[in-house]
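Comments concern the structure below.
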There are 2 protein chains.
Amino acid sequence: MVTIRDVAKAAGVSVATVSRVLNETGYVHEDTRNTVNEMIKQLNYSPNEVARSLYTKKSRLIGLLLPDITNPFFPLLARGVEDEMRLHDYRLIFGNTDEDAEKEQDYIQTFQQNNVIGLISMTNTLSKKVYQDLSIPVVFLDRTSSGYPSVFADGKEGGKLAAMEMVKRGSKRITLIKGPGHLQTAVDRFQGALEVLSTSDINFYVMSTTSFSFKDAETWAKDLFEKYPDTDGVIASNDIVATAVIHEALRIGKKIPEEVQVIGFDDVPHSSLLFPPLSTIRQPAYEMGKEAAQLLIKLMKNEKLQKKNIQLPVTFINRDTTRKVDEHV
Amino acid sequence: MVTIRDVAKAAGVSVATVSRVLNETGYVHEDTRNTVNEMIKQLNYSPNEVARSLYTKKSRLIGLLLPDITNPFFPLLARGVEDEMRLHDYRLIFGNTDEDAEKEQDYIQTFQQNNVIGLISMTNTLSKKVYQDLSIPVVFLDRTSSGYPSVFADGKEGGKLAAMEMVKRGSKRITLIKGPGHLQTAVDRFQGALEVLSTSDINFYVMSTTSFSFKDAETWAKDLFEKYPDTDGVIASNDIVATAVIHEALRIGKKIPEEVQVIGFDDVPHSSLLFPPLSTIRQPAYEMGKEAAQLLIKLMKNEKLQKKNIQLPVTFINRDTTRKVDEHV
DNA sequence: TTGTAAGCGTTATCAC
DNA sequence: GTGATAACGCTTACAA
């Protein structure tokens with residue numbers, strides 16, 4: 001391993017000088033800078049981040065917490081975070097928490113032990129206190145925790161959009177699937193849709209669910225069509241659930257979108273690959289990840305923020321599980 | 001921040017003693033051990049990994065390199081790696097390389113700078129030399145690099161299986177899609193299928209492709225049915241490509257599986273959600289991740305290995321893009 | 001403009 | 001059994 005001493009020796013200067021050119025701090029004569037840089041290149045030296053970190057109590061590492069990388073929504077967010085962080089030379093340590101408080105706690109401890117300088121969390125099972133005790137900035141992504149900076153999509157507007165589009169396209173007996181009550185995003189989209197439906201003269205049925213898992217969703221979808229066989233429009237809590245609904249509808253011989261329309265939420269990558277391709281409310285996941293990274297970077301630099309909470313707009317993606325309508329009406 | 005000194009002071013001992021109980025190295029009287037542990041708990045002390053790492057030149061960090069976390073196959077592998085690593089108290093730093101040598105190099109440098117103690121790579125764009133210069137063990141996952149330990153699925157057998165199943169189910173004019181030539185896994189599955197087809201009395205058509213991207217695959221699928229309109233069976237290079245084939249077939253009005261059978265490769269999570277649900281050759285991705293982690297751990301402990309290359313079996317998943325057949329025949 | 005040296009929080013080698 | 005203390009590779013006062 002080549003150290004700063006080796007470079008110093010080779011360049012005929014002291015380690016302090018090498019350090020100065022490395023960090024561009026303090027004066028150093030151009031000639032010496034040149035020879036030092038020359039030696040750095042020649043010896044293929046790159047500074048030991050660990051030694052650096054020990055002294056400065058900082059690092060270039062960011063912690064990333066997410067529920068499950070295997071769930072297709074999160075890789076998009078994670079990728080956004082990573083790409084933005086890479087632009088600024090930060091690197092990520094990540095952990096899947098499975099919404100399990102112990103895992104979350106464990107990873108947070110690791111982050112601290114490694115002098116991680118910032119945390120982006122897509123999960124918040126732990127009490128707020130844990131995050132308060134952290135001495136590093138935290139940004140919540142696709143989640144909120146009161147008082148903390150966060151980046152999320154406009155779920156309420158998304159819910160409204162879904163309901164409006166469904167009504168506009170002629171569904172009269174709508175089923176509204178309510179996602180897990182402990183997830184603010186799920187509640188928001190539910191509230192938005194509820195608001196629109198309850199002020200319309202449409203009949204609707206609310207079905208409460210407790211997870212986003214496909215397995216569970218299959219059961220609920222079955223239930224749905226049994227309890228409410230004449231429903232002609234389903235607003236699902238997300239794309240996974242919507243997929244299960246589509247499967248069940250097709251299975252029992254309902255035509256989509258002629259007899260039942262379906263709208264999902266998220267626009268995960270495979271939504272367009274389904275049959276029929278799923279109409280959905282798109283969250284700009286990759287951009288959300290980038291925004292969260294940018295927000296965290298500002299926080300780490302102690303920059304003043306205009307807003308601590310960034311809400312990104314959602315859009316209706318009109319594919320084939322909703323009927324066509326004359327947009328000029 | 002509470003340090004080892006604070007604990008030492010509180011327990012009325014020296015830092016050396018605290019270090020000894022921490023690392024369970026050397027003698028320490030049971031009574032003192034108890035008070036030290038007591039103080040550790042009371043002060044909520046946890047050792048600074050950075051300081052540790054500086055001295056020992058080790059860490060508890062593992063580097064994970066993958067092409068793109070957004071591609072549905074990789075999260076499965078990554079999750080397997082993570083879960084196994086977590087069991088052994090290792091944590092992951094990860095990077096998406098996009099098969100880009102510069103990014104790969106960058107991340108590797110970061111890993112070194114942070115005293116990462118092992119590397120699992122699902123990409124190998126770089127010349128072998130780069131990996132040779134590393135002083136840490138490397139395991140390739142879903143990839144191979146001659147001379148390096150690796151974990152991968154039995155692609156050749158998979159290709160054979162796909163071809164055999166397709167023939168058994170009555171396709172007579174098969175199209176075999178050959179994946180990117182620079183990926184050994186793609187080549188293996190192609191060779192396997194080729195071997196079976198060429199020793200059968202089936203007509204077949206080989207179509208060469210250069211990526212696994214859905215966008216590209218859409219074009220190839222179109223081509224396929226134009227150039228070979230009477231094909232009645234497609235062996236795709238992976239599930240993404242298979243999905244594009246299904247879409248195109250459906251679009252031009254071919255019945256699946258009655259007129260065209262399709263078999264994919266990988267069994268990514270959404271394969272079962274497609275319509276029709278995709279028949280495919282399943283790679284045990286999660287298990288592969290776990291195996292890779294276990295292999296790396298052995299390497300890091302300098303344990304002798306029975307085999308450096310672990311090949312996991314693949315299985316045919318018979319869903320609805322292939323016809324039923326009497327299994328007792 | 002440059003060098004000396006202290007210090008970051010550990011571990012491990014010696015003495016005792 | 002335990003305690004001083006050097007060392008890990010770096011940054012940053014402070015001196016020169």
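Below, read A as the first sequence line, B as the second, and so on, with proteins coming before strands; counting in each chain starts at 1.
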Just wondering, more than 12 heavy atoms not from B:E303 lying within 6.0 Å of its CD?
yes
B:Y55 OH to C:dT10 C1', straight-line distance once rounded to whole Å
9 Å
From C:dT10, D:dA4, D:dT11, nucleotide with atom closest to B:Y45 side chain
C:dT10
Would you say A:Q132 has more than 12 foreign heavy atoms packed within less than 6.0 Å of its CD?
yes
OP1 or OP2 of D:dT11 less than 4.0 angstrom from a side-chain nitrogen or oxygen of A:S19, does that happen here?
yes
Nearest-Å distance for atom pair CZ/P, residues B:R33 and D:dG1
10 Å
Take atom NZ in B:K103; do more than 12 heavy atoms of anything else shown fall under 6.0 Å from it?
yes
Please determine if a side-chain N or O atom of B:S14 lies less than 4.0 Å away from the OP1 or OP2 oxygen of D:dG3.
yes
I need the CG-P distance between A:N34 and C:dT2, as an integer number of Å.
11 Å
Is there a side-chain contact between A:N48 and the phosphate of D:dC8, meaning an N or O under 4.0 Å from OP1 or OP2?
no
Kindly state whether the ring of B:F73 and the ring of B:F212 have centres lying under 6.0 angstrom apart.
no
Is the NZ or CZ atom of B:R91 positioned over A:Y107's six-membered ring, under 6.0 angstrom from the centre and within 45° of the axis?
yes
Using a heavy-atom cut-off of under 4.0 Å over every strand shown, decide if B:V13 touches base, sugar-phosphate, or nothing.
sugar-phosphate
Side chain of A:T32 only, heavy atoms from C-beta on: which candidate in D:dT2, C:dT1, C:dA5 is closest?
C:dT1
Rounded to whole Å, the CZ-P distance (A:R5 to C:dT4) equals 10 Å
Think B:R79 forms a cation-pi with B:Y286, using NZ or CZ under 6.0 Å from the six-ring centre and within 45 degrees of its axis?
no
Figure out the CD1/C1' separation between A:I4 and C:dG3, and round it to whole Å.
13 Å
Starting at atom OH of A:Y27, determine the distance to atom C1' of D:dT12, rounded to an integer number of angstrom.
16 Å
Are any of A:T17's side-chain N or O atoms less than 4.0 Å away from OP1 or OP2 of C:dT2?
no
State, to the nearest 10°, the angle formed by the axis through the first five base pairs of the helix from C:dT1-D:dA16 to C:dC16-D:dG1 and the axis through its last five.
40°
Rounded to whole Å, how long is the line connecting atom NZ of A:K57 with atom C1' of C:dG9?
7 Å
Would you say B:T56 reaches C:dT10's phosphate, i.e. side-chain N/O to OP1/OP2 under 4.0 Å?
no
Rounding to a whole Å, what distance do you find between A:L54:CG and C:dA6:C1'?
13 Å
Would you please confirm or rule out a distance under 4.0 Å between OP1 or OP2 of D:dC10 and any side-chain N or O of A:S53?
no
Aromatic ring proximity, centroids under 6.0 angstrom, B:F140 and B:F152:
no
